[in-house]
Asks: 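Sharing a structure below in structure tokens format, with a few things to ask.
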Amino acid sequence: MKTIEINESVYKKNEALAGILKDNLHEKNKKLINFLGSPGSGKTTLLESIIKTIDNPKKIAVIEGDLYTDKDAKRIEKLGVKTVQLNTKGACHLEAGAISEAINNLDISEAETIIIDNIGNLVCTAEFDLGEDMRVAVMSVTEGNDKPLKYPLMFQTTNVIVLNKIDILPYTDFDLDEFYKDIKDLNPNVKIFEVSATKGYGVAEFCDYLTNFK
Ligand SMILES: Nc1nc2c(ncn2[C@@H]2O[C@H](COP(=O)(O)OP(=O)(O)OP(=O)(O)O)[C@@H](O)[C@H]2O)c(=O)[nH]1
Ligand SMILES: [Mg+2]
């Protein structure tokens with residue numbers, strides 16, 4: 001009897017599509033950045049803050065991933081940034097094929113960087129390569145400093161961690177020393193930014209990094 005490993009074939013197909021997408025975008029000199037993290041960690045607020053901070057927001061285009069609504073896409077579109085909504089109808093992650101389709105429906109003529117505002121999820125989203133040049137895990141201090149060890153794949157596969165909601169750190173039991181120690185064990189080369197997306201702390205530094213990375 002023939003046995004088909006569904007998981008393996010799904011990942012292989014996704015990987016192949018992600019590779020093609022990456023090559024296509026590089027040919028056009030465009031960068032793709034993937035924002036991941038738990039629901040409510042502040043991914044969309046951070047995007048809003050970036051758009052308000054950078055010199056020319058037209059250099060950014062956004063793919064919004066959501067299960068059902070277009071609430072986040074409307075928030076970004078309101079700021080004059082080209083945006084496309086992807087609804088997964090309940091699925092907990094995005095795949096590279098859907099990102100290619102979204103880009104085909106997005107005006108990226110002026111954009112140098114396309115940012116994916118991924119579905120709020122600390123597990124499945126980390127498993128899928130979307131052809132991105134950079135992963136940014138957005139984590140907030142209200143989630144607790146134990147999350148990197150509890151959800152290691154997210155923090156091992158990311159290039160950058162944005163530790164958000166730093167404005168309310170004193171009102172939480174988030175242990176910064178433990179957080180840095182755990183991250184050093186999991187992903188020693190990761191770049192970490194302490195940010196408040198609502199107050200704007202650290203956002204300019206993060207924007208510099210986003211716009212200048214090669
Ligand atoms: N105090 C504080 N609140 C923040 C900050 N960033 C975001 N928030 C709040 O956190 C809540 C969730 O923010 P969102 O940006 O919608 O979170 P998200 O990660 O996009 O959530 P999903 O799209 O559901 O995955 C909102 O009420 C924001 O105002 C911050 O830096 N400080
Ligand atoms: Mg959001």
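Given the structure is predicted, the values throughout are model-derived calculations rather than measurements. First listed ligand is number 1; within each ligand, the first listed atom is number 1. All values below come from the heavy atoms of this structure, side chains included, with hydrogens, waters and symmetry mates left out.
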Asks: Taking side-chain hydrogen bond (donor to acceptor under 3.5 Å, both in side chains) as the criterion, tell me which of Lys22, His26, Lys30, Lys31 meets it with Asp133.
Replies: His26
Asks: Applying the 4.5 Å side-chain criterion to the ILVMFWY set and letting contacts propagate, would Ile20 and Leu32 be lumped into a single cluster?
Replies: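 No, Ile20 does not connect to Leu32 through the hydrophobic network.
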Asks: Return the set of protein N, O or S atoms whose distance to the Mg ion (ligand 2) is under 2.8 Å, each given as residue and atom.
Replies: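 Listed by chain and number: Thr44 OG1, Asp72 OD2.
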Asks: Could you grab the distance from atom CD1 of Ile54 to atom SG of Cys207, nearest 0.5 Å is fine?
Replies: 6.5 Å
Asks: What's the separation between atom CD1 in Ile33 and atom CZ in Arg135, rounded to the nearest 0.5 Å?
Replies: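 Result: 13.0 Å between the selected atoms.
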Asks: Treating Ile, Leu, Val, Met, Phe, Trp and Tyr as nodes and any side-chain heavy-atom pair under 4.5 angstrom as an edge, say whether Leu46 and Leu94 lie in one connected cluster.
Replies: no
Asks: Going only through I, L, V, M, F, W and Y residues with side-chain contacts under 4.5 Å, is there a path from Ile60 to Leu86?
Replies: no
Asks: Can an N or O of Ile168 be found at a distance shorter than 3.5 Å from an N or O of ligand 1?
Replies: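 N/O-N/O distance under 3.5 Å: no.
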Asks: How far is atom 31 (O) of ligand 1 from its nearest protein heavy atom, and which residue and atom name does that atom have?
Replies: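 For atom 31 (O) of ligand 1, the nearest protein heavy atom comes out as Ala197 N, 2.8 Å.
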Asks: Under 4.0 Å and counting heavy atoms only, is there anything from the protein next to atom 7 (C) of ligand 1?
Replies: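 Within 4.0 Å: yes, protein heavy atom nearby.
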Asks: To which protein heavy atom is atom 25 (O) of ligand 1 closest, and what is the distance rounded to 0.1 Å?
Replies: Lys43 NZ, 2.8 Å
Asks: Looking only at non-hydrogen atoms, which of Thr142, Thr198, Thr125 approaches atom 30 (C) of ligand 1 most closely?
Replies: Thr198
Asks: Test of understanding: given a 4.0 Å heavy-atom threshold, classify the contact between Arg75 and ligand 1 as side chain, backbone, both, or neither.
Replies: side chain
Asks: Within the 4.5 Å heavy-atom criterion, are Glu95 and Leu17 side-chain neighbours or not?
Replies: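 The answer is no, as the side chains (C-beta and beyond) never meet within the 4.5 Å cut-off.
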Asks: Should Leu46 be counted as touching ligand 1, given the test is an N or O pair under 3.5 Å?
Replies: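 For ligand 1, there is no N or O atom that lies under 3.5 Å from one belonging to Leu46.
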Asks: Any luck finding a side-chain donor-acceptor pair between Asn34 and Asn118 under 3.5 Å?
Replies: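 There is such a pair between these side chains.
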Asks: Following the transitive rule for hydrophobic clusters with a side-chain heavy-atom cut-off under 4.5 Å over Ile, Leu, Val, Met, Phe, Trp and Tyr, establish whether Leu47 and Ile114 coincide in one cluster.
Replies: no
Asks: Of the side chain and backbone of Ser140, name the one, both, or neither that has a heavy atom under 4.0 Å from an atom of ligand 1.
Replies: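 Looking at Ser140 and ligand 1, no heavy atom falls under 4.0 Å.
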Asks: Taking Asp117 for its side chain and Phe35 for its backbone only, find out whether a donor-acceptor pair lies under 3.5 Å.
Replies: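 Side chain of Asp117 to backbone of Phe35, a donor-acceptor pair under 3.5 Å: no, none is there.
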Asks: Please work out whether any backbone atom (N, CA, C, O) or any side-chain heavy atom from C-beta onward of Asp117 is under 4.0 Å from ligand 1, and answer side chain, backbone, both or neither.
Replies: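 Under 4.0 Å from ligand 1, Asp117 contributes no heavy atoms.
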Asks: Enumerate the atoms of ligand 1 whose separation from the nearest heavy atom of Thr45 is less than 4.0 angstrom.
Replies: 6 (N), 7 (C), 13 (O), 14 (P), 15 (O), 28 (C)
Asks: Among protein heavy atoms, which lies nearest atom 23 (O) of ligand 1, and at what distance?
Replies: Asp72 OD2, 2.9 Å
Asks: Remaining members of Met139's ILVMFWY cluster at a side-chain heavy-atom cut-off under 4.5 Å?
Replies: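 Grouped by the 4.5 Å side-chain rule, Leu36, Leu122, Val123, Val141, Leu149, Tyr151, Met154, Phe155, Ile161, Leu163, Ile166, Ile168, Leu169, Tyr171, Phe174, Leu176, Phe179, Tyr180, Ile183, Leu186, Val190, Ile192, Tyr201 form the rest of the cluster around Met139.
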Asks: Please work out, at 4.0 Å between heavy atoms, whether the side chain, the backbone, both, or neither of Thr44 comes within that distance of ligand 1.
Replies: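 Looking at Thr44 and ligand 1, atoms from backbone and side chain both fall under 4.0 Å.
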Asks: Examine the side chains of Asn145 and Glu178 and answer whether a donor and an acceptor come within less than 3.5 Å of each other.
Replies: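 Result is yes, a qualifying pair exists.
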Asks: Contact between ligand 1 and Gly40 is defined here as a heavy atom of the residue under 4.0 Å from a ligand atom; is it met?
Replies: yes
Asks: Considering both backbone and side-chain atoms of Lys165, is one of its nitrogen or oxygen atoms within less than 3.5 Å of a nitrogen or oxygen in ligand 1?
Replies: yes
Asks: State the OG1-CG distance between Thr83 and Asp107, to the nearest 0.5 angstrom.
Replies: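 These two atoms lie 11.0 Å from each other.
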Asks: Under a 4.0 angstrom heavy-atom cut-off, which atoms of ligand 1 come close to Ser38?
Replies: 19 (O)
Asks: Measuring from atom CG of Asp55 to atom OG1 of Thr211, what distance do you get when rounded to the nearest 0.5 angstrom?
Replies: 8.0 Å
Asks: Determine whether the side chains of Thr44 and Asp72 contain a donor N or O and an acceptor N or O closer than 3.5 Å.
Replies: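 There is such a pair (donor and acceptor under 3.5 Å, judged by atom type) between the side chains of Thr44 and Asp72.
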Asks: Under 4.0 Å and counting heavy atoms only, is there anything from the protein next to atom 27 (O) of ligand 1?
Replies: no
Asks: Do you know the tightest heavy-atom contact between Leu130 and Ala96?
Replies: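 Scanning both residues completely, I find the closest heavy atoms to be CD2-N, 3.6 Å.
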Asks: Provide the number and element of each atom of ligand 1 under 4.0 Å from a heavy atom of Gly120.
Replies: 25 (O)
Asks: Could you tell me whether Val195 and ligand 1 have an N or O pair separated by under 3.5 Å?
Replies: no
Asks: Where is the nearest protein heavy atom to atom 17 (O) of ligand 1: which residue, which atom, and how far?
Replies: Gly42 N, 3.3 Å
Asks: Going by the order shown, which atoms of ligand 1 are within less than 4.0 Å of some heavy atom of Asp167?
Replies: 1 (N), 2 (C), 30 (C), 31 (O), 32 (N)
